[in-house]
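Scroll down for the structure; my scribbles are underneath it.
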Amino acid sequence: MNVLKFLDQKISAALVAAGAPADSPAMVRQSARVQFGDYQSNGVMPVAKKLGMNPRELAQKVIDNLDLTEAADKIEIAGPGFINIFLKPEWMAEKLSGYVQDDRAGVEEAATRQTIVVDLSAPNVAKEMHVAHLRSTVIGDAVSKTLEFLGHKVVRANHIGDWGTQFGMLIAHLEDLQKDNPDVMNSELGDLENFYRESKKHYDSDEEFAKRARNYVVKLQGGDEWCLTQWKKLVDVTMEQNLNTYKRLGVNITARDTMGESMYNDMLPAIVEDMKGKGLAVEDDGAMVVYLDEYKNKDGDPMGVIVQKRDGGFLYTTTDIACARYRYENLGADRVLYYIDARQAQHLQQAWTIVRKAGYVPEHVTLEHHAFGMMLGKDNKPFKTRAGGVVKLASLLDEATARATRLIEEKSGDMPAEQKAEVINAIAMGSVKYSDLSKNRTSDYVFEWDNMLSFEGNTAPYMMYAYTRVQSIFRKAGVDVAALGGDIAIKEDAERELAIKLMQFSEAVEGVAREGMPHILCAYLFELAGCFMKFYEFCPVNKVDVPADVKTSRLQLCALTARTLKLGLGCIGIETVEQM
RNA sequence: GCGCCCGUAGCUCAGUUGGAUAGAGCAAUGGCCUUCUAAGCCAUCGGUCGCAGGUUCGAAUCCUGCCGGGCGUGCCA
């Protein structure tokens with residue numbers, strides 16, 4: 001159950017019973033300090049003000065109308081009119097006992113199952129994935145996994161860059177390479193970055209080549225079969241490599257999720273035609289333009305967004321309009337989450353403004369941009385994408401693996417080779433992913449090996465280590481978790497802190513689903529791991545002088561901790577191991 | 001010029017949408033392993049929340065104006 005929601009409903013009702021207007025929010029939060037209890041309600045003060053009442057008197061009336069005897073020990077009024085709630089250990093113990101054998105650890109499925117489209121990853125064809133793709137891929141997948149855990153239907157939409165004028169030169173370059181080596185697809189294209197660079201170089205230096213390339217662009221857009229075949233080869237070889245990277249990262253993105261820009265091409269003429277019919281798009285200097293009062297141009301006039309070029313070609317705004325429409329009409333989206341670079345913010349807002357005006361997606365279907373900043377180098381300058389010096393995602397993962405290997409050899413060198421490899425991989429991928437997942441910055445951020453791959457403090461290995469410590473207790477105790485029973489008794493401070501944290505798992509999971517931000521769950525899991533580490537230090541389980549009833553109680557807290565950590569880390573795409 | 005985002009401890013970041021004395025990790029310092037894995041635990045140190053006003057019982061959070069940084073701004077994506 002969600003304790004916060006439970007209390008919020010109870011107190012909201014009491015607030016109304018005490019004379020507050022019907023929809024007055026109870027504003028229940030986890031308490032800021034231990035002396036303020038476990039939860040606090042901040043809703044009395046605004047209402048008292050509105051009604052011209054003394055807030056502490058209103059708070060008392062709320063309490064008089066509030067029945068929380070089963071759940072709370074103590075309810076008190078504090079400060080100007082806060083209501084502080086202290087949960088009853090027996091109540092928590094009873095709830096937690098129920099979670100020990102529950103494979104959802106107390107998290108209920110969402111009341112209404114939604115279809116949620118998650119726009120993520122979006123690598124470019126004929127280029128290798130590099131560090132800038134990491135956030136979108138990892139965060140998008142983590143949110144997807146969490147939403148799926150809550151029972152929603154998630155469509156991962158991999159909006160790959162598979163269209164545009166650059167394909168002319170790529171096709172021409174591929175053609176040249178094939179003349180010399182028919183097997184080029186299997187050899188030289190292993191290094192896509194080099195392939196792209198070489199074709200660009202050729203394009204810039206050879207006018208004949210450039211002419212041929214431009215001709216191929218026209219032919220490709222006209223649906224020329226040979227060009228399409230060449231284009232398809234480039235898409236396939238790129239995605240084959242990317243799918244390997246996804247697999248390595250433990251990210252659940254498959255070939256079926258590929259929905260690139262080219263997918264919407266067929267929709268574009270009809271959309272422009274439709275917008276023209278609605279009076280939204282008008283002709284200006286040969287191009288089709290949508291004017292938006294919401295945005296101003298340099299002269300202070302409504303900004304014009306071009307949806308079709310003078311030469312008849314379409315632009316990416318038109319594609320994104322079609323894309324939003326497709327996600328609503330064809331995929332049946334109730335909600336669309338876009339995990340895209342912050343630089344696209346204005347562009348997306350414009351596209352969506354047009355989408356709403358054209359009536360392609362109703363207001364109740366939300367289009368949410370979850371932006372993040374650019375990856376900067378240590379010199380505070382962005383990574384270059386074309387002129388070399390790019391940090392490839394694959395080499396980043398290699399480096400992470402190398403570092404994890406060094407660490408494991410040092411700490412647990414005597415582990416069997418197969419197990420060791422598994423642990424190394426879990427730690428390497430977990431560390432890289434966690435460093436991205438735990439941040440919520442929309443501004444730029446500096447990429448640093450040392451921060452990303454440090455294995456101390458608020459990191460994936462810390463939480464994985466907490467998990468192995470629990471498992472170690474069970475190995476020592478020789479007890480099967482499935483056979484655990486008996487009562488939970490919450491006595492020590494460390495037990496109480498752990499217990500309350502365990503009660504709050506669903507709040508964290510639902511927070512991620514609501515906000516689309518996995519760092520909420522990261523923070524929760526770090527706190528949970530911390531509570532367990534403290535419990536581990538202060539509350540022995542397997543010692544000889546621990547009474548039997550205390551031992552069974554603590555074993556259950558351990559079992560639930562393990563389950564919660566595993567489920568929670570699973571929600572954000574981080575593996576656990578039994579030993580490390 | 002206009003628009004969007006950002007500015008919190010030496011560093012990396014939280015701050016539950018206006019709540020109580022602004023929190024973590026790293027780094028630094030000092031303690032804790034004959035006792036379930038010390039990748040750990042405990043303690044100390046560290047802040048004019050960019051600056052100045054305003055709104056109110058109450059502001060890191062909201063409004064205005066500055067300062068500083070990033071991004072975007074009609075025929076690339």
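Within every chain, numbering begins at 1; the chains are lettered A, B, ... in the order of the sequence lines, protein sequences first and strands thereafter. What's counted below: heavy atoms across the whole structure, side chains too, no hydrogens, waters or symmetry copies.
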Next on the checklist: Please tell me whether A:Phe36 and A:Phe82 form a close aromatic pair, meaning their ring centres lie under 6.0 Å apart.
Outcome noted: no
Next on the checklist: Side chain of A:Asp285, heavy atoms from C-beta onward: which of B:C75, B:C41, B:G19 has the nearest atom to it?
Outcome noted: B:C75
Next on the checklist: If only side-chain N and O atoms count, and only distance matters, is there a donor-acceptor pair under 3.5 Å linking A:Asp284 with A:Tyr291?
Outcome noted: yes
Checklist entry - When you check the gap from the basic side-chain N to the acidic O, do A:Glu507 and A:Lys5 get nearer than 4.0 Å? => result no
Checklist outcome for this item: Taken to the nearest whole Å, CG/A:Leu348 to C1'/B:G3 is 15 Å
Checklist entry - What nucleic acid atoms does A:Ile340 come within less than 4.0 Å of, heavy atoms only: base, sugar-phosphate, or nothing? => result nothing
Item to check | Anti versus syn assignment for B:U64, with syn defined as within 90° of 0 | outcome: anti
Checklist entry - Of the nucleotides B:A24, B:C57, B:G74, which has the atom closest to the A:Val289 side chain? => result B:G74
Next on the checklist: Does A:Tyr465 contact B:A39 through a side-chain donor or acceptor facing the base, at a distance under 3.5 Å?
Outcome noted: no
Next on the checklist: As a test of reading the structure: which of B:G19, B:G40, B:A39 is closest to the side chain of A:Phe455, going by heavy atoms?
Outcome noted: B:A39
Item to check | Nucleotide nearest A:Glu537 (side chain, heavy atoms from C-beta), chosen from B:A39, B:G40, B:C76 | outcome: B:G40
Next on the checklist: Give me the distance, rounded to whole Å, that separates B:G54 from B:A43 when you measure between the C1' atoms they each carry.
Outcome noted: 43 Å
Next on the checklist: Should the side chain of A:Asp284 and the base of B:G74 be counted as holding a donor-acceptor pair, with the cut-off at 3.5 Å?
Outcome noted: yes
Next on the checklist: Side chain of A:Leu407 only, heavy atoms from C-beta on: which candidate in B:C41, B:A20, B:A39 is closest?
Outcome noted: B:A39
Item to check | Watson-Crick or G-U counterpart of B:U34, or none if no pair lies under 3.5 Å | outcome: none
Next on the checklist: Can you identify which nucleotide, out of B:G40, B:U73, B:G74, has its nearest atom closest to the A:Ile306 side chain?
Outcome noted: B:G74
Checklist entry - Checking all strands, does A:Phe314 fall into the base, sugar-phosphate, or nothing category for heavy-atom contacts under 4.0 angstrom? => result sugar-phosphate
Checklist entry - Distance between the P atoms of B:C11 and B:C63, in whole angstroms? => result 28 Å
Checklist outcome for this item: Re B:G3: Watson-Crick or G-U wobble partner, both distances kept under 3.5 Å, found to be B:C71
Checklist entry - What about A:Gln344: does its side chain form a donor-acceptor pair under 3.5 Å with the base of B:A77? => result no
Next on the checklist: Does this structure show an ion pair linking A:Asp341 with A:Arg343, if we count only N-O contacts that are shorter than 4.0 Å?
Outcome noted: yes
Checklist entry - Do A:Glu368 and A:Thr366 meet the criterion of a side-chain donor-acceptor pair at a distance under 3.5 Å? => result yes
Item to check | B:G19 versus B:C26 - spacing of their C1' atoms, nearest Å | outcome: 30 Å
Item to check | Any-strand Watson-Crick or G-U partner of B:A14, both distances under 3.5 Å | outcome: none
Item to check | N-O pairing of A:Glu575 and A:Lys433 below 4.0 Å | outcome: no
Item to check | Ion pair check, A:Arg441 and A:Asp436, cut-off under 4.0 Å | outcome: no
Checklist entry - Which part of the nucleic acid, if any, lies within reach of A:Leu4 when heavy atoms closer than 4.0 Å are counted: base, sugar-phosphate only, or nothing? => result nothing
Checklist entry - Regarding A:Glu510 and A:Asn2, is there a side-chain donor-to-acceptor distance under 3.5 Å anywhere? => result yes
Next on the checklist: Counting only Watson-Crick pairs (N1-N3 plus N6-O4 or O6-N4) and G-U wobbles (N1-O2, O6-N3), all under 3.5 Å, who is the partner of B:U55?
Outcome noted: none
Checklist entry - Taking the C1' atom of each, how far is B:A14 from B:A60, in whole Å? => result 12 Å
Checklist entry - B:A20 base to A:Asn84 side chain: any donor-acceptor pair below 3.5 Å? => result yes
Next on the checklist: Are A:Tyr339 and A:His369, when compared by the centres of their aromatic rings, separated by less than 6.0 Å?
Outcome noted: no
Next on the checklist: Which is more 5' along RNA chain B, the nucleotide nearest A:Ser31 or the one nearest A:Gln579? Just name the residue.
Outcome noted: A:Ser31
Next on the checklist: Within the 4.0 Å heavy-atom criterion, would you say A:Asn542 contacts the bases, only the backbone, or no part of the nucleic acid?
Outcome noted: base
Checklist outcome for this item: Which of B:C42, B:C57, B:U35 is nearest the side chain of A:Lys49? It is B:C57
Next on the checklist: Using atom P in both nucleotides, what's the gap between B:C57 and B:U44 to the nearest angstrom?
Outcome noted: 37 Å
Checklist entry - What's the closest nucleotide to the A:Arg29 side chain, out of B:G72, B:A20, B:U16? => result B:U16
Checklist outcome for this item: A:Lys309 has its side chain closest, among B:G72, B:C76, B:A20, to B:C76
Next on the checklist: My understanding is that a pair needs two contacts under 3.5 Å, Watson-Crick or G-U wobble. By that rule, which nucleotide pairs with B:A43?
Outcome noted: B:U29
Item to check | Base-pairing assignment for B:A9 (Watson-Crick or G-U wobble, both under 3.5 Å) | outcome: none
Checklist entry - Considering only heavy atoms and no angle criterion, is a donor-acceptor pair shorter than 3.5 Å present between the side chain of A:Arg441 and the base of B:U8? => result yes
Next on the checklist: So A:Cys539, base contact, sugar-phosphate only, or nothing? Heavy-atom distance under 4.0 Å.
Outcome noted: base
Next on the checklist: Say we look at B:G25 and B:C45: how far apart would their P atoms be, to the nearest angstrom?
Outcome noted: 15 Å
Item to check | Length of the CG-P vector between A:Asn42 and B:G58, whole Å | outcome: 16 Å
Checklist entry - With syn defined as a glycosidic torsion within 90 degrees of 0 and anti otherwise, which applies to B:C6? => result anti
Item to check | Distance, P atom - from B:C6 to B:G10, rounded to whole angstrom | outcome: 22 Å
Checklist entry - Reckon A:Met464 touches a base, only the sugar-phosphate, or nothing at all at heavy-atom distances under 4.0 Å? => result nothing
Checklist entry - If pairing requires Watson-Crick or G-U wobble contacts with both distances under 3.5 Å, which nucleotide is the partner of B:C76? => result none
Next on the checklist: Using a heavy-atom cut-off of 4.0 Å across all strands, would you classify A:His347 as base, sugar-phosphate, or nothing?
Outcome noted: nothing
Next on the checklist: Which nucleotide wins on minimum distance to the side chain of A:Tyr536, given the candidates B:A39, B:C71, B:C36?
Outcome noted: B:C36
Next on the checklist: Could you tell me how far apart A:Leu268 (CG) and B:C75 (P) are, to the nearest whole angstrom?
Outcome noted: 18 Å
Checklist entry - Mind checking the P distance from B:G46 to B:A22? Whole angstroms is fine. => result 14 Å
